[in-house]
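Okay, structure first, notes after.
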Amino acid sequence: MDDTLLAGLNPEQRAAVTLPRESALVLAGAGSGKTRVLTTRIAHLIRTRQASPLGILAVTFTNKAAREMMTRLAGMMPINTRGMWVGTFHGLCNRLLRAHHREAGLPSLFQILDSQDQQAAIKRVLRAMGADEERYPARQVAFFINGNKDDGVRAAQVNPWDAASRAMVGFYQAYEAQCQREGVVDFAELLLRSYELLRDNDMLRAHYADRFGFILVDEFQDTNRLQYEWLKLLAAPTSAVFAVGDDDQSIYAFRGARVGNMRLFETEFKVRQVIRLEQNYRSQGNILDAANALISNNSGRLGKNLWTEAGQGEPIRVYEAGTDMDEAGFIVEEIRALHGEGMHLSDIALLYRSNAQSRVLEQFIFNAGLPYRVYGGLRFFERLEVKHALAWLRLAASPDDDGAFLRVVNFPPRGIGARSLELVQQQAISQGIPMTVAAAGIKLAGKAASGMADFLARVAQLRDVRGRVELGELVEEALRLSGLLAHYQAERDGAERVENLEELVSAAASFNNDSELDDLAAFLSHASLEAGEREAGAGQDALQLMTVHSAKGLEFHAVFVTGLEEGLFPHENSLSENDGLEEERRLMYVAVTRARQRLYLTRSGSRMLHGQIRYGLRSRFIDEVPENLCRFTGPVQQTPRDFPSAWATHREEPGRGQPIRTPLPGSFGGGPSSDAGLPFRIGQNVKHARFGSGVILAAEGQGEDARVQVNFRDAGTKWLALAYAKLSAD
DNA sequence: TACATCTTTATTTTT
DNA sequence: TAAAGATGTA
């Protein structure tokens with residue numbers, strides 16, 4: 001009776017979909033039909049009456065993935081998606097906490113801080129404590145706090161190991177107290193709170209564990225420790241947890257993800273068999289072979305080899321440019337050719353390791369008159385004017401929200417300066433009351449006093465309006481009362497901001513609240529948890545530019561992986577982190593597996609970075625792709641004497657011989673002819689009294705400040721000042 | 001308070 | 001390079 005659902009699934013997919021009620025780990029390779037398996041299993045469970053829609057919990061990391069799952073489900077069967085628990089970890093935790101806010105120790109209208117808000121809140125804590133913000137920058141404190149929360153560790157449970165960590169713990173503690181006072185929670189807190197809620201409340205836990213007989217988790221390799229523990233709490237002994245993930249695509253360790261959770265899951269949830277989805281429906285053979293070869297250099301993998309029924313396809317094109325402009329020029333030419341052959345521009349992606357690299361590419365693409373779209377800009381709800389408007393709404397919802405108060409109390413300007421706010425803050429702290437309340441009962445200097453009175457009156461009016469009108473109208477009223485709209489209308493370059501504010505009104509008006517929450521609270525949650533699409537670019541058919549990270553989960557006909565240079569990709573910072581290089585390699589694996597038909601790997605001998613020219617060697621990741629899959633090209637031949645010897649040295653490194661390379665211009669100072677007076681060249685072999693022999697990788701600075709980066713055979717890579725280091729030709 | 005100028009710093013990012 | 005943050009000036 002289930003034939004329509006199962007039709008077209010390969011044996012492994014079918015096995016995963018129809019697995020009996022037990023916990024399972026599905027190793028889903030890139031392009032192996034993971035989402036299909038996930039949604040089909042849900043549909044299958046419902047159709048075969050093993051579960052009711054209400055008995056299923058499906059967790060994802062992104063709203064996009066959650067939406068996609070919902071859409072596909074709705075396409076498979078006529079079910080009421082309402083009431084189904086399909087969502088992100090954060091979204092589901094929010095739902096849980098709203099439903100049980102009292103037990104969780106939160107006000108019913110608690111607000112959610114996004115990362116910006118959190119950083120601002122931390123800054124206030126630091127100021128209030130008179131902390132040395134040079135030594136303890138807010139972003140580092142945030143990193144500390146979030147890191148601990150992601151591990152499920154409260155301030156009181158941290159064991160400080162030195163003075164600095166002791167200070168950090170102090171900040172953490174004060175920050176927790178401040179958040180509690182103000183009725184706000186940050187992202188990590190959503191998880192930690194609901195974890196604690198379930199942990200400390202047997203009745204509640206039993207209720208949910210009983211309800212959710214089937215739990216499905218997407219992107220399991222990205223779970224952090226807390227998320228894993230949360231799942232453990234929620235899963236009853238009889239629950240079947242269906243974990244889908246790919247250890248080879250774990251690229252978020254830097255924000256707390258633990259690939260190790262997959263192995264842990266296998267043992268702790270008594271997984272009887274690991275199902276591997278290795279048939280790939282996306283890429284052609286050469287691309288998969290390249291990916292497989294590349295990732296085989298990593299250790300400790302769960303093991304997986306992608307294959308396809310499609311043919312080998314085209315060779316992988318490797319282009320080694322002299323300069324970043326040369327690289328960009330090549331890319332533009334290739335795009336033109338592909339486009340000329342009828343490929344849509346939106347089917348072509350330019351990937352890079354770090355955002356700064358997009359600049360040259362954009363410049364060239366723009367000059368070529370090609371439409372493009374860069375991912376990674378501000379999102380809608382992160383825009384300044386939108387945040388301001390939201391702050392007014394937050395104040396209307398909750399008087400305790402000092403963060404919101406501080407954001408807009410003097411914006412648009414109404415004569416309330418730092419001095420006045422200091423007084424208000426003092427009063428608020430000493431009496432333990434929110435700033436809105438303190439502000440009402442305090443005497444300020446003339447201009448500030450009237451400004452404050454005006455502000456408070458407007459907030460009161462907005463509160464009054466709330467509850468009497470529809471959400472859209474409320475937002476409109478907020479814009480009017482706050483004077484934000486008028487302010488931006490009067491501003492010379494305010495047109496776009498005005499547009500965004502108007503868009504906010506229509507977003508609110510058309511907001512469909514599918515929760516039990518009141519409209520405003522739901523809308524504010526939505527604004528924090530789903531900040532909106534990344535910046536939309538030009539027309540429909542546009543080239544896609546993005547970091548490799550943001551390309552995860554996407555696919556394109558043609559993919560350019562650019563900037564494949566040592567130091568950049570793999571990034572130099574990663575080499576000092578443990579498991580850093582392997583994570584970079586997984587990142588490369590993700591990049592490569594985005595391509596369907598055509599894959600380009602490009603690099604450049606020199607590159608403008610941070611306003612300076614940097615020289616980099618070919619990335620080891622290029623070398624890890626078997627030569628026979630590649631077709632190498634380079635710029636028009638340079639004269640041989642400009643050719644540095646770096647290749648010769650590099651070629652000796654473990655691995656294999658290199659195919660014929662085109663030479664690269666490599667000399668200090670940025671141009672082929674500006675190295676006069678400098679004793680060394682890139683790629684030259686040198687000797688150091690202490691570090692022994694090595695090869696020059698890069699150079700920067702002039703004269704006195706000139707520094708070179710040397711890769712020593714025994715001592716590793718170091719930067720040395722030419723003025724001091726005793727280097728000699730070797 | 002607003003604007004100008006200087007300094008600092010530079011992976012990756014979702015919620 | 002170029003953006004953000006801090007500090008200084010009118």
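Residue numbers start from 1 in every chain, and the chains themselves are labelled A, B, ... in the order their sequence lines are given, proteins ahead of strands.
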Could you go over nucleotides 7-11 of chain B and give all protein N or O partners under 3.5 Å, atom names and distances?
| unit_1 | atom_1 | unit_2 | atom_2 | d |
| --- | --- | --- | --- | --- |
| B/dA10 | N3 | A/His610 | ND1 | 3.4 |
| B/dT11 | O4' | A/His571 | NE2 | 3.4 |
| B/dT11 | O4 | A/Glu577 | OE2 | 2.4 |

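- Taking the six-membered ring for Trp and the full ring otherwise, A/His549 and A/Phe254 have centroids separated by under 6.0 Å.
- Following rounding to the nearest Å, A/Leu378 (CG) and B/dT14 (P) show an atom-to-atom distance of 12 Å.
- Look at the P atom in both B/dT13 and C/dA4: the space between them is 16 Å, to the nearest Å.
- Regarding contacts with the backbone of B/dT15, a side-chain N or O of A/Arg379 is found under 4.0 angstrom from either OP1 or OP2.
- A/Asp114 comes within 4.0 angstrom of nothing in the nucleic acid, heavy atoms only.
- Within the 4.5 Å cutoff, the side chain of A/Asn297 has no heavy atoms near those of the A/Phe621 side chain.
- Separating the C1' atom of C/dA3 from that of B/dT14 is a span of 23 Å, rounded to the nearest Å.
- Rounded to an integer number of Å, the gap from CG of A/Leu190 to P of B/dT14 is 17 Å.
- In B/dT12 the base sits anti relative to the sugar, since the glycosidic angle is further than 90° from 0.
- Contact record, A/Lys34 with A/Val244: CG-CG1, 3.3 Å, taken as the closest heavy-atom pair.
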All N/O pairs under 3.5 Å across the protein-nucleotides 2-5 of chain C interface:
| unit_1 | atom_1 | unit_2 | atom_2 | d |
| --- | --- | --- | --- | --- |
| C/dA2 | OP1 | A/Arg359 | NE | 3.2 |
| C/dA2 | OP1 | A/Arg359 | NH2 | 3.4 |

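- Within the 4.0 angstrom heavy-atom criterion, only backbone atoms of the sugar-phosphate kind lie near A/Phe61; the bases stay farther away.
- Atom CZ in A/Arg193 sits about 17 Å away from atom C1' in B/dT15, given to the nearest Å.
- A donor-acceptor contact under 3.5 Å is formed by the side chain of A/Ser115 with the base of B/dT15.
- Within 4.0 Å (heavy atoms only), A/Leu351 reaches no atom of the nucleic acid at all.
- At whole-Å resolution of the value, CD in A/Glu219 and C1' in B/dT15 are 14 Å apart.
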